[in-house]
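Atom set for the values below is all heavy atoms of this structure, side chains included, hydrogens, waters and symmetry mates excluded.
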Amino acid sequence: MSKIQRIAGPYEQSFADSWSNELGVWMCDRFSRNLVGHATESPDGTYRDLYLYCAQHTLGSHVGIYNYENFGNLYTTGPKDFFVRKR
């Protein structure tokens, strides 16, 4: 399965971004927050849209798409094609 992924280089930090007062822990980093937030807000978006959003909104991050050659057209395929909402 293709996935969009953030890679922290050997001399980079992957800083936590979202704090939960209820749990008292950091929940995710900025890349994860951007990925889930954009996929949720744009459920009909393509993987290309998701990649561009994450690359533009996660400063200092090296966003990449892996396994794309076996995944289909990134301009027409998106997360909605692989996840089904339970009713």
- Message: For Phe31, is there any backbone N or O sitting under 3.5 Å from a side-chain donor or acceptor partner on Asn34?
- Response: no
Which heavy-atom pair separates [X] from [Y] by the least distance, and what is that distance?
X	Y	value
Asp29	Asp17	C-CB, 3.6 Å
Thr40	Val36	OG1-O, 2.7 Å
Pro79	Gly45	CD-O, 3.8 Å

Side chains of [X] and [Y] in contact at under 4.5 Å (non-hydrogen atoms):
X	Y	result
Tyr47	Thr77	yes
Lys80	Pro43	no
Asp49	Ser42	no

- How would you list, by chain and number, every residue that makes a side-chain hydrogen bond (donor to acceptor under 3.5 Å, both in side chains) with Trp26, sequence neighbours excluded? none
- Note on the structure: side-chain contact (heavy atoms from CB on, under 4.5 Å) filter on Asn21, not counting sequence neighbours, yields Trp19
Quick check for you: to the nearest 0.5 Å, what is the distance between [X] atom [atom1] and [Y] atom [atom2]?
X	Y	atom1	atom2	result
Cys54	Leu35	SG	CG	4.5 Å
Tyr53	Thr58	OH	OG1	8.0 Å
His57	Arg30	NE2	CZ	10.5 Å
His38	Leu52	NE2	CG	9.0 Å

